[in-house]
Amino acid sequence: MSRSVPAGAARAELPRFPLLHGPTPLHELPGVRAALGGPERCPRILVKRDDLAGPALGGNKARKLEYVVADALARGATHLVTVGAVQSNHARMTAAAARLAGLGCVLVLTSESGSPTPEGNLLLDRLLGAEVVIVPPGPPGAADNPHEAAAVAEAMERLAARGDRPYHIPVGASMPLGVLGYVDAVAELERQLAAGGIAPARLYFAAGSRGTQAGIVLGARLHGAGWTPHGVAVSPGDPEKTGRAVALAAAAAELLGSDARIGPEDVVTHQEMIGPGYAIPTPESRAAIRLLAGADALLLDPVYTAKAMAGLLGDIRGGAIDPGETVVFLHTGGVPALFTAAAALDLT
Ligand SMILES: *Cc1c(COP(=O)(O)O)cnc(C)c1O
């Protein structure tokens, strides 16, 4: 195991645009433990509240964008241009970060509908002053959406042609600089655990475009964490996405001047909670939303954290986790999309 570069050494030189306001809370979920049979049957569960990270209703993208926006500013950018699904949390957080950094923002969002209802994240995108370009989905089964790529190219050219300097951020800000935000998050979590005398065995989190996963796996290695990272996939695409996480971790390690090597064997991603596809609720994800709201008044989002929590609950109920263990669940945010889920949750 390589720990040749101490935390913060090389990284101190990489600028961050401040979006976070101190460490996010880490607290226990006693209600869900009781609901799952109490200490005899269920491990102690703590939640790391990255849903409270950053402005405009928060989420994991705030940590990534601290490094990415600093890079954009260092390069003299005038606009941030990024992509996502119509309810993208990353797009909403990019719009918020652009406001705070004094930059323009263009969001290319994919929607089945040409004029999607301005609710949830899309409402916030508009409120935050972003220019929103809606594109239709690509051909079924294709990895990339040609409409999205064309709209991004068009926006970049249009801005450049009038003398602006657009900065392109890939989906989920899952780029090497963004990964550093989750290396830092691990350091923050490790400090909280040490202060509380808590030694968890596992960390569960939602795995989407895999930048968060890359940062957590690399951070766990660099900081010598005593727990195992457990990603829960919210969309299909492995083993290619595991390869992406490995490549992102390698590029981020290089930015840090570290020779740490992350292999596919270090990237654990549970596959059983994906269901029919990205952003499509499952019986397990609906049940997780209801259980956490009822037991601990913790709000999960329908796209990411509901499936990740369903993965954790499934492992607890299936006996994969010893009740004597402590588990940390990383809440990565996304709650604005809950306000689009009335029908999915039978609440209409
Ligand atoms: C983007 C997102 C994730 C997934 O993070 P990746 O780095 O894309 O894997 C998880 N949860 C929420 C709420 C998100 O918005």
Side-chain angles (χ1 to χ4, degrees), residues 24 47-54 56-68 82-97 107 109 120-122 124-125 169-186 203-219 229-238 240-249 252 267-270 273-274 278-279 285 288-289 298-312 329-341:
T24 58
V47 60
K48 172 71 172 155
R49 297 293 303 277
D50 275 12
D51 57 319
L52 303 178
L57 300 181
N60 63 338
K61 304 312 179 304
R63 292 191 189 270
K64 300 176 175 192
L65 287 170
E66 285 205 322
Y67 284 99
V68 174
T82 197
V83 300
V86 68
Q87 283 300 326
S88 166
N89 303 300
H90 159 66
R92 182 245 315 157
M93 187 58 73
T94 301
L107 305 176
L109 305 180
N121 282 298
L122 183 59
L124 300 178
D125 298 340
I169 303 175
V171 66
S174 284
M175 56 204 277
L177 277 171
V179 169
L180 300 184
Y182 268 86
V183 176
D184 289 353
V186 170
L203 175 78
Y204 277 71
F205 58 93
S209 62
R210 307 303 177 96
T212 302
Q213 181 172 49
I216 288 172
V217 173
L218 179 61
H230 286 260
V232 181
V234 302
S235 49
D238 272 311
E240 288 78 8
K241 284 184 177 170
T242 293
R244 192 192 297 178
V246 167
L248 283 169
V267 180
V268 174
T269 317
H270 298 249
M273 290 300 159
I274 299 170
Y278 176 76
S285 71
I289 290 175
L298 185 77
L299 303 178
L300 300 177
D301 83 288
V303 180
Y304 294 94
T305 53
K307 287 183 180 176
M309 180 58 83
L312 171 57
F329 179 78
L330 175 67
H331 193 321
T332 43
V335 176
L338 190 56
F339 299 102
T340 70

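Whatever order the structure lists them in is the order used to number ligands and atoms, beginning at 1. Hydrogens, waters and symmetry mates play no part in the numbers below; they use all other heavy atoms, side chains included. Just so it is clear, the structure is predicted and the values come from calculations on it, not from any experiment.
- At least one heavy atom of Asn60 sits under 4.0 Å from some atom of ligand 1.
- Less than 4.0 angstrom separates some heavy atom of Ser174 from each of these atoms of ligand 1: 7 (O).
- For atom 8 (O) of ligand 1, the closest non-hydrogen atom of the protein is Ser209 OG, 2.5 Å.
- Summary of contacts: the protein heavy atom closest to atom 1 (C) of ligand 1 is Lys61 NZ, 1.5 Å.
- The backbone N or O of Gly172 sits less than 3.5 Å from a side-chain atom of Lys64, completing a donor-acceptor pair.
- For Arg49 (side chain) and His331 (main-chain N/O), no donor-acceptor pair under 3.5 Å exists by modelled atom type.
- Judged by distance alone, with hydrogens and angles left aside, the side-chain atoms of Arg92 form a donor-acceptor pair with the main-chain N or O of Gly58 at under 3.5 Å.
- Below 3.5 Å of separation, one finds an N or O of Asn89 facing an N or O of ligand 1.
- Ligand 1 has no N or O atom lying under 3.5 Å from any N or O atom of Thr305, backbone or side chain.
- Proximity of Gly333 to ligand 1 is established by a heavy-atom distance of less than 4.0 Å.
- Taking the ring axis of Tyr304 as reference, the NZ or CZ atom of Lys61 stays within 45° of it and closer than 6.0 Å to the ring centre.
- Taking 4.0 Å as the cut-off, Gly211 counts as a neighbour of ligand 1 on heavy-atom distance.
- Residue contact annotation: Arg210 has a non-hydrogen atom under 4.0 Å from ligand 1.
- No donor-acceptor distance shorter than 3.5 angstrom exists from the side chain of Lys307 to the backbone of Ser285, with no hydrogens or angles considered.
- With Thr212 as the partner, the side chain to side chain donor-acceptor pair (under 3.5 Å) test is satisfied by one option alone out of Asp50, Thr332, Asn60: Asn60.
- Ligand 1 has a nitrogen or oxygen under 3.5 angstrom from a nitrogen or oxygen of Thr212.
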Residue pair Thr269, Lys241: steps toward the side-chain hydrogen bond (donor to acceptor under 3.5 Å, both in side chains) verdict: CA-CA 10 Å; Thr269 317; Lys241 284 184 177 170; over 6 Å; no
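- Considering backbone and side-chain atoms alike, Gly208 places an N or O below 3.5 Å from some N or O of ligand 1.
- Side-chain atoms of Gln87 come within 3.5 Å of backbone N or O of Asn121 as a donor-acceptor pair.
- With a 4.0 Å cut-off on non-hydrogen atoms, Lys64 touches ligand 1 through its side chain and not its backbone.
- The side-chain heavy atoms of Phe205 and His230, taken from C-beta on, include no pair separated by under 4.5 Å.
- At under 3.5 Å, a nitrogen or oxygen of Thr332, whether backbone or side chain, sits near a nitrogen or oxygen of ligand 1.
- Against a heavy-atom cut-off of under 4.0 Å, Gly334 is close to the following atoms of ligand 1: 13 (C).
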